[in-house]
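All remarks here apply to the structure that follows.
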Amino acid sequence: MSTHEGTVPAVRTIELSTATIDYSDTGGTGPALLLLHGPLLDHAVWDAVVARLPGLRCVAPTLPLGAHRHPAPRDELTNASLARMVAELMAALDLRDVTLVLNDWGGAQVLVELGLDSRVARLALVACEAFDNVPAGRPGRLLARAARVPGALALQAQLTRLPAVRRRLASAMAARAVPDALLRRWFEPFRDPLVRADLRRFSARFPVPADRDWSAGLGAFTGPALVAWADDDRMMPAEHGPRLARLLPDAELAHVPESATLVPLDRPDVLAGHLRALVRRAPTDRGGMP
């Protein structure tokens with residue numbers, strides 16, 4: 001059944017070379033959107049957006065970033081390795097003419113830098129990490145610090161059993177209240193020691209060196225792009241939105257009112273409208289795959 005009717009898209013599992021991941025997929029033959037999330041979230045963060053995009057094929061994987069249910073010990077879990085995982089997923093599902101959408105986690109920007117973007121026709125950067133803001137803001141830096149302290153993540157995982165703690169963590173990223181059922185869904189896997197070990201391996205590598213610019217390669221992406229920046233974001237610097245739009249050769253900048261980092265939760269209506277407009281923009285012939 002379609003998300004147009006308000007139902008949840010089918011959730012499937014796929015075995016990739018370095019990890020087993022779940023992903024939601026509306027199916028169909030319409031233009032494909034690949035929707036990526038940040039740490040301690042899963043594909044469900046996109047459900048309200050997907051429900052507003054009937055006729056499009058929306059694929060949203062759950063990456064091994066702390067809310068996943070299949071530990072990924074075979075992957076080194078860096079921004080680059082996760083970007084390769086995203087590229088492998090596109091190939092495994094034979095997704096072409098893809099509109100790649102990033103929110104919160106910005107690591108997939110290095111797909112361009114690594115030359116793994118032949119299947120990507122359009123790019124949407126939605127309130128995500130950029131430039132030197134990796135990990136993002138104070139919450140990201142605290143997570144990275146905790147990942148390097150023995151037992152700190154385990155303690156945090158136990159504290160997320162408390163509703164007040166869950167609400168406080170969500171308030172740093174969302175302008176509107178996040179349903180507690182969704183928060184419980186995201187924090188339950190975090191209490192699995194193997195899942196937590198994956199997040200620790202990823203997060204302990206940060207912060208990045210001061211001279212590392214994760215967005216440097218984006219200038220090579222000449223396809224249509226959207227930069228959607230939240231007006232009430234406390235994690236992503238306001239100046240990064242216009243700066244990204246200037247860096248991308250064919251970008252449109254959109255400001256999202258009444259939203260923090262988690263635009264897919266705060267303003268799914270506004271974001272879905274911007275994504276529909278992006279998909280209608282004709283892709284540039286970038287000399288990619290046939």
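Along the sequence shown, residues carry numbers from 1.
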Could you tell me whether Arg200 and Asp198 make a salt bridge, using a distance below 4.0 angstrom between a side-chain N and a carboxylate O? no
Applying salt bridge (Lys or Arg N to Asp or Glu O under 4.0 Å), name anything that partners Arg57, two or more places apart in sequence or on another chain. Asp25
Would you compute the distance between atom CG of Leu244 and atom SG of Cys128 and round it to the nearest 0.5 angstrom? 6.5 Å
Could you check whether His68 and Asp22, counting side-chain N and O atoms only, form a donor-acceptor pair closer than 3.5 Å? no
I need the Leu16 CG to Ile21 CD1 distance, nearest 0.5 Å. 5.0 Å
Just by distance, no angles: are the side chains of Asp75 and Ser81 close enough, under 3.5 Å, to form a donor-acceptor pair? yes
Once salt bridge (charged side-chain N to carboxylate O under 4.0 Å, His left out) is applied, what residue pairs with a partner in residues 174-186 remain, sequence neighbours excluded? Asp42-Arg185, Arg166-Asp180, Arg176-Glu258, Asp180-Arg184
Using a 3.5 Å distance criterion without hydrogens, assess whether the side chain of Asn133 forms a donor-acceptor pair with backbone atoms of Met235. yes
Show me, pair by pair, the donor-acceptor contacts under 3.5 angstrom made by side chains of residues 147-165, not counting sequence neighbours?
from: Arg148; atom 1: NH1; to: Ala144; atom 2: O; distance (Å): 3.3
from: Arg148; atom 1: NH1; to: Phe206; atom 2: O; distance (Å): 2.3
from: Gln158; atom 1: OE1; to: Arg161; atom 2: NE; distance (Å): 2.9
from: Thr160; atom 1: OG1; to: Ala157; atom 2: O; distance (Å): 2.5
from: Thr160; atom 1: OG1; to: Arg191; atom 2: NH1; distance (Å): 3.1

Do Trp105 and Asn79 have side-chain N/O donor and acceptor atoms under 3.5 Å apart? yes
So, the side chain of Arg267 versus the backbone of Pro257: is there a donor-acceptor pair under 3.5 Å, distance only? yes
Arg276: which residues meet the side-chain hydrogen bond (donor to acceptor under 3.5 Å, both in side chains) condition with it, sequence neighbours left out? none
Does Arg52 reach the main-chain N or O of Ala48 with its side chain, forming a donor-acceptor pair under 3.5 Å? yes
What residues, two or more places apart in sequence or in another chain, satisfy salt bridge (Lys or Arg N to Asp or Glu O under 4.0 Å) together with Asp104? none
With sequence neighbours excluded, tell me which residues meet side-chain hydrogen bond (donor to acceptor under 3.5 Å, both in side chains) with Glu252. none
